[in-house]
Amino acid sequence: MNLFAEIRTAVIAALETLVQAGDLPAGLDYAAVAVEPPRDKLHGDMATNAAMVLAKPAGLKPRDIAEALAAVLTQDGRIVVAEVAGPGFLNLRLAPSVWADVAGAALALGRDFGRSAMGAGQKVNVEYVSANPTGPLHVGHTRGAVFGDALAALLAFAGHEVTREYYINDGGAQVDTLARSVFLRYQEAHDLSVDWPEGSYPGDYLIEVGEALKAKVGNAYLDEPEEVWLDAVRSFATDAMLALIRSDLKLLNVEMDVFFSEKSLYGTGLIEAAIDDLRGKGLIYTGTLEPPKGKLPEDWEPREQTLFKSTAYGDDVDRPIMKSDGSWTYFAPDIAYHYDKVQRGFDQLIDVFGADHGGYVKRMKAAVAALSENRVPVDIKLCQLVKLFKNGEPFKMSKRAGTFVTLRDVVEQVGPDVTRFVMLTRKNDAPLDFDFDKAVEQSKENPVFYVQYAHARVASVLRRAAEMGIDTACTDFAIEDEAELELAKKIAEWPRLVEIAARTHEPHRVAFYLNEIASDLHTLYNKGNEAVQLRFLQEADPATSARKIALARAAQVVISAGLGILGVTPAEEMR
RNA sequence: GCACCCGUAGCUCAGCUGGAUAGAGCGCUGCCCUCCGAAGGCAGAGGCCAGGGGUUCGAAUCCCUUCGGGUGCGCCA
């Protein structure tokens with residue numbers, strides 16, 4: 001139940017009434033009519049721009065439309081005051097009972113309150129993490145993992161059918177490097193001393209993989225040339241890395257529906273099929289690209305290549321899909337992978353990448369647009385860097401991986417709940433500072449704590465109420481004070497916020513909202529210190545107390561639902 | 001050189017498909033702790049929304065441009 005949507009429906013019905021009465025011309029487009037919370041709450045509870053939006057097409061003055069609209073709307077029992085303001089806004093003030101009804105819905109629906117049918121019938125694929133299977137996940141992946149996971153949950157909450165997917169880059173040269181690195185560890189496991197060539201993966205995490213390989217094959221590969229063991233070791237190593245990555249994800253409670261292997265596209269005709277599809281559309285050709293302007297690669301020379309005409313779909317230059325030795329570039333399997341997603345019938349694709357893949361966005365969009373004939377939109381969300389701090393000092397090294405801090409390092413220090421919440425306290429395209437100490441600090445500056453505390457505070461009130469024999473299942477409300485009204489209104493905003501966040505693909509909005517509703521709850525609670533009649537717990541008047549507690553429970557339900565979307569456990573107590 | 005992202009209070013950042021007098025936290029100033037949990041609370045000061053043009057009844061938001069920061073830029077994925 002989205003109260004804003006309901007009032008908007010009422011506004012449009014009222015406009016129709018005006019049309020019937022001949023006060024407005026028929027056939028107006030109401031699409032731009034909005035009902036929103038006003039910026040300044042002194043203006044009322046909701047405002048509509050209907051009169052201003054319709055003034056021009058209707059050929060009338062905004063204020064005249066607004067006056068007429070106000071007259072009709074005040075006949076609605078929910079609307080107490082409708083007054084024209086500014087250039088033609090219509091400010092609405094709602095009856096207190098309306099807010100109580102919304103809070104009542106929250107209690108009745110529990111964590112399903114705010115669930116939307118917005119995405120009904122929409123199949124969405126969210127691809128995230130997709131880290132190369134060459135080592136443990138690091139901090140950057142962590143942000144992508146949390147973001148993608150929260151976004152998937154948010155879309156599901158908004159009614160979409162969501163598939164969470166991980167693309168395994170196991171087809172390129174980097175898994176060969178992995179295999180060779182594991183082979184070196186395998187040699188070490190046999191007490192041989194080895195040289196680490198430039199570009200190999202020297203992290204400690206491969207030591208046990210080398211030992212496991214020894215345990216499996218003994219000394220069978222020791223004196224053999226690469227041709228003998230490369231395939232087998234690569235497959236052994238990528239399996240091990242994938243197991244590592246899965247266990248990393250599990251630490252964060254991230255669970256994928258599909259792990260899609262790049263390798264599975266090779267030798268199966270899938271890449272060829274995707275490229276053929278593009279060729280059939282006249283988008284594949286052989287040609288020579290212009291050199292990039294400015295800093296020229298040193299070994300630049302004009303070269304004829306097989307190209308995808310991505311410029312036909314908004315890219316800046318056409319992109320090579322085949323190397324000069326006839327093998328595919330990395331782009332070709334990616335095209336095939338997205339072709340596969342399109343063929344699986346998704347209505348919408350979302351790719352979550354690191355910000356360093358920004359240059360990849362246009363060609364990927366071009367590819368999907370071409371493959372789906374503009375049917376399937378693809379939204380590519382870029383996650384910016386995470387800078388780690390400890391005691392305000394930059395924090396860089398990992399004991400495990402050597403050169404980078406791992407997901408495991410982070411989660412082991414602050415836990416999955418804190419990791420997830422903090423990662424969502426910034427917009428995805430804004431850089432994020434993550435301070436280990438602040439993240440676990442128990443103070444108002446720490447949003448994780450602040451929101452958890454609000455939830456726990458209600459739990460605490462409920463426990464004490466039960467001891468005092470106060471009804472904790474009451475569904476009547478006593479919403480009188482300004483602070484109570486604020487909280488009730490904030491609860492009513494939840495369904496609308498879900499839809500906005502889902503539409504914009506921005507789960508951080510949920511985190512910010514939770515901070516606000518927590519703030520309203522704390523404010524109300526603190527007000528009870530001075531104004532005794534505002535306290536939730538009132539031994540002398542259990543009936544009133546029960547109705548106050550009902551509001552606290554409604555807020556708690558919303559906080560719980562919001563945390564659920566973010567993948568954070570609501571705390572029952574903070575000790 | 002080109003493309004993408006970003007530029008909002010001293011600091012870190014929100015800001016809804018364009019809406020009214022641009023918000024929050026920290027920091028700062030002043031009050032407040034025998035009180036349902038003060039691991040705080042209340043109030044106040046503080047902004048040319050980087051600069052300039054344009055579209056619009058209306059622009060932090062859309063378009064153009066300048067400046068400043070980040071990322072990327074033909075057989076690496």
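Labels below follow one simple rule: chain letters A, B, ... track the order of the sequence lines, proteins then strands, and each chain is numbered from 1.
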Could you tell me whether [X] and [Y] make a salt bridge, using a distance below 4.0 angstrom between a side-chain N and a carboxylate O?
X        : Y        : result
A:Lys381 : A:Asp351 : no
A:Glu127 : A:Lys341 : yes
A:Glu441 : A:Lys438 : no

Heavy atoms only, 4.0 Å cut-off, all strands: where does [X] land among base, sugar-phosphate and nothing?
X        : answer
A:Lys56  : sugar-phosphate
A:Ala32  : nothing
A:Ala465 : nothing
A:Arg464 : sugar-phosphate
A:Pro431 : sugar-phosphate
A:Leu382 : nothing

Interatomic distance at [atom1], [N] relative to [M], whole Å:
N      : M      : atom1 : result
B:rC26 : B:rA20 : C1'   : 29 Å
B:rC11 : B:rC67 : C1'   : 23 Å
B:rC13 : B:rU8  : P     : 9 Å
B:rU17 : B:rU21 : C1'   : 24 Å
B:rA50 : B:rA22 : P     : 15 Å
B:rG46 : B:rG53 : P     : 27 Å
B:rG18 : B:rC6  : P     : 16 Å
B:rC28 : B:rG72 : C1'   : 41 Å

From C-beta outward on [X], which listed nucleotide comes closest to its side chain: [options]?
X        : options                : answer
A:Pro38  : B:rA20, B:rU17, B:rC16 : B:rA20
A:Asn526 : B:rC76, B:rG41, B:rA3  : B:rG41
A:Ile500 : B:rC5, B:rC16, B:rG19  : B:rC16
A:Arg303 : B:rC75, B:rC16, B:rC13 : B:rC75
A:Tyr330 : B:rA38, B:rC75, B:rC16 : B:rC75
A:Asn169 : B:rC16, B:rA77, B:rA38 : B:rA77
A:Asn132 : B:rA77, B:rU12, B:rC16 : B:rA77

Mutual orientation of the aromatic rings belonging to A:Phe436 and A:Phe395 [parallel < 30°, tilted 30-60°, perpendicular > 60°]: perpendicular
Paired with [N]: which nucleotide, if any, by Watson-Crick or G-U wobble criteria at under 3.5 Å for both distances?
N      : value
B:rC2  : B:rG72
B:rC67 : B:rG7
B:rA43 : B:rU29
B:rA14 : none

Residues two or more places apart in sequence or in another chain: which of them pass side chain to side chain donor-acceptor pair (under 3.5 Å) with A:Ser116? A:Glu499
[X] [atom1] to [N] [atom2], straight-line distance once rounded to whole Å:
X        : N      : atom1 : atom2 : result
A:Asn49  : B:rU17 : CG    : P     : 12 Å
A:Tyr285 : B:rG74 : OH    : C1'   : 12 Å
A:Tyr450 : B:rC13 : OH    : P     : 21 Å
A:Tyr360 : B:rC73 : OH    : C1'   : 14 Å
A:His357 : B:rC5  : NE2   : C1'   : 16 Å
A:Asp481 : B:rC42 : CG    : C1'   : 14 Å
A:Tyr313 : B:rA3  : OH    : P     : 23 Å
A:Lys323 : B:rC75 : NZ    : C1'   : 7 Å

It should be established whether [X] places a side-chain nitrogen or oxygen under 4.0 Å from OP1 or OP2 of nucleotide [N].
X        : N      : value
A:Arg319 : B:rC75 : no
A:Lys427 : B:rG15 : yes
A:Lys362 : B:rA3  : no

Nearest-nucleotide wise, let me know which of A:Met322 and A:Arg503 is further upstream toward the 5' end of RNA chain B.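 Between the two, 5'-proximity favours A:Arg503.
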Upstream residue (5' side of RNA chain B) when A:Ala456 and A:Asp170 are each assigned their closest nucleotide: A:Ala456
Just to be sure I understand the geometry, which residues of residues 504-524 of chain A put a non-hydrogen atom under 4.0 Å away from RNA chain B?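 Nucleic-acid contacts, sorted: A:Thr504, A:His508, A:Arg509, A:Phe512, A:Thr523, A:Leu524.
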Heavy atoms within less than 4.0 Å of RNA chain B: which residues of residues 82-92 of chain A have one? Give them sorted by number. A:Ala85, A:Pro87, A:Phe89, A:Asn91
Between the base of B:rA20 and the ring of A:His43 - centre-to-centre under 5.5 Å, planes within under 30° - is that a stack? yes
Among A:Tyr167, A:Tyr339, A:Trp328, side-chain hydrogen bond (donor to acceptor under 3.5 Å, both in side chains) partner for A:Asp334: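 The option that passes is A:Tyr167.
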When you compare the side chain of A:Val175 with that of A:Pro133, does any pair of heavy atoms fall below 4.5 Å?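 Side chain of A:Pro133 against side chain of A:Val175, heavy atoms only: contact under 4.5 Å found.
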With the side chain counted from C-beta on, respond yes when A:Met46 and A:Phe4 share a heavy-atom pair under 4.5 Å apart, and no when they do not.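 Yes, their side chains come closer than 4.5 Å.
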Does anything in residues 544-553 of chain A form a salt bridge (charged side-chain N to carboxylate O under 4.0 Å, His left out)? List the pairs, not counting sequence neighbours. A:Glu484-A:Lys548
Can you list every salt bridge (charged side-chain N to carboxylate O under 4.0 Å, His left out) pair that touches residues 308-333 of chain A, not counting sequence neighbours?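 Sorted result for residues 308-333 of chain A: A:Asp315-A:Arg319, A:Asp316-A:Lys362.
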Non-hydrogen atoms of A:Asp29 and A:Ala31 that approach each other most closely: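 In this case the closest contact between A:Asp29 and A:Ala31 is OD1-N, 3.0 Å.
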Can you list everything that forms a ring-ring contact (aromatic ring centres under 6.0 Å, His included) with A:Phe259? Sequence neighbours excluded, please. A:Tyr166
For the side chain of A:Asp170 and the backbone of A:Lys263, is there at least one donor-acceptor N/O pair under 3.5 Å apart? yes
